[in-house]
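Contents: one structure, followed by commentary.
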Number of protein chains: 2
Amino acid sequence: MNLLGRAEELVLLAVWKLGDDAYCVPIKKHLVKTTGKDWVFGAVYAPLERLEKKGLLQSSLGDPTPERGGKRKRIYKLTKAGVKALIEVKKVEKAMWDNISEGVLEKLL
Amino acid sequence: MNLLGRAEELVLLAVWKLGDDAYCVPIKKHLVKTTGKDWVFGAVYAPLERLEKKGLLQSSLGDPTPERGGKRKRIYKLTKAGVKALIEVKKVEKAMWDNISEGVLEKLL
DNA sequence: GCAATAAAATCTATTTTGTAGAGAAAATTG
DNA sequence: CAATTTTCTCTACAAAATAGATTTTATTGC
């Protein structure tokens, strides 16, 4: 079937949203805040690595910052392939959700 | 993190859409047609089984039909838990996609 | 220069999901 | 009751997600 996995999608979106600040820690933070779910490190890191390997993300080491301590940040950026993958998953979701609003679902409860 | 997997979500949606005709074969057909992707049997069957085990779907054997041949159909139906899971995944997706239209993405290509 | 501390990345092991397609089971028809 | 058809079920495998511990690297104050 070969669509983005759930975590992959959400991680890509977080990277997009964070722009130049898209490294592991804020990505995790954004995911926790926006999804309302717990995200452990591995659940962020593994998709990031995979997505880079697949060419949907590209990373580079950030400059040392004036803040205290820490390894150099690894900053992620969407590639065109990444953007395309997001567009595709969105399209599929839209087709499958066609005519199903949350309201419709809630009536079933 | 614990959200519906992609296939799980799409299978649930197919079941909802098909109503009383929600058994493996039309579910697969609907998925192929609506997603534009290939779905082999295992990719439909495995999520169906798992979703039932988790209580998001409930199945029952259909009546023998006037059509030719075949084992009795196993008809699937969303449970309340299934509906809730769909509502939840939708909510999360919405939050994460907030302000990102396909148009915005396409400009990045 | 060096110890303490902090920020961040990376790793390992495991579980859960998804993929692929072969093959078995049950129903109908001639 | 054999042939055919429809449908389900199974097995083996690959990929993705989870969990949290550990390591690495940088800064600051001594």
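Reminder, nothing fancy here: chain letters follow the sequence lines and each chain counts from 1. As a basis for the values below, the full set of heavy atoms in this structure was taken, side chains included, without hydrogen atoms, waters or symmetry mates.
Rounding to whole angstrom units, CG of residue A/Leu48 and P of C/dC11 are separated by 14 Å. Taking atom NZ on B/Lys71 and atom C1' on C/dT28, their separation rounds to 16 Å, with Å as the unit. Protein atom NZ of A/Lys73 is 18 Å distant from nucleotide atom C1' of C/dT10, rounded to whole Å. Atom pair A/Tyr76:OH and C/dA8:P shows a separation of 14 Å (rounding to whole Å applied). Rounded to an integer number of Å, the gap from CG of B/Leu61 to C1' of C/dA27 is 13 Å. The separation between A/Lys29 atom NZ and C/dA7 atom C1' is 10 Å, rounded to whole Å. Between A/Lys53 atom NZ and D/dA17 atom C1' the separation is 15 Å, expressed in whole Å. C/dA25 atom P lies 15 Å from atom CZ of B/Arg74, rounded to whole Å.
Each salt bridge (Lys or Arg N to Asp or Glu O under 4.0 Å) pair with one or both residues in residues 1-19 of chain B, not counting sequence neighbours, appears once here: A/Arg6-B/Glu9, A/Glu9-B/Arg6, A/Glu93-B/Arg6, B/Arg6-B/Glu9, B/Glu8-B/Lys54.
For A/Arg72, whose side chain is taken as the heavy atoms from C-beta onward, the closest listed nucleotide among C/dA27, D/dA26, D/dT7 is D/dA26.
With contacts defined as side-chain heavy-atom distances shorter than 4.5 Å, the pair B/Tyr23/B/Leu18 does not qualify. In this structure, B/Met1 and B/Leu3 have side chains that are in contact, with non-hydrogen atoms separated by less than 4.5 Å.
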Distance-only donor-acceptor pairs under 3.5 Å for side chains of residues 99-109 of chain A, two or more places apart:
residue: A/Ser101; atom: OG; partner: A/Gly103; partner atom: N; Å: 3.3
residue: A/Ser101; atom: OG; partner: A/Val104; partner atom: N; Å: 3.1

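Checking the phosphate oxygens (OP1, OP2) of C/dA8, a side-chain nitrogen or oxygen of A/Tyr23 falls inside 4.0 Å.
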In B/S/- notation, 5' to 3', how is nucleotides 15-22 of chain C contacted by protein heavy atoms closer than 4.0 Å?
--BBBBB-
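The line from CH2 of B/Trp16 to NE2 of B/His30 is 10.0 Å long, rounded to the nearest 0.5 Å.
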Test side chain to side chain contact (heavy atoms under 4.5 Å, CB included) on A/Leu78 and A/Leu56 and set out the steps.
CA-CA 6 Å; A/Leu78 278 177; A/Leu56 309 199; 5.9 Å; no
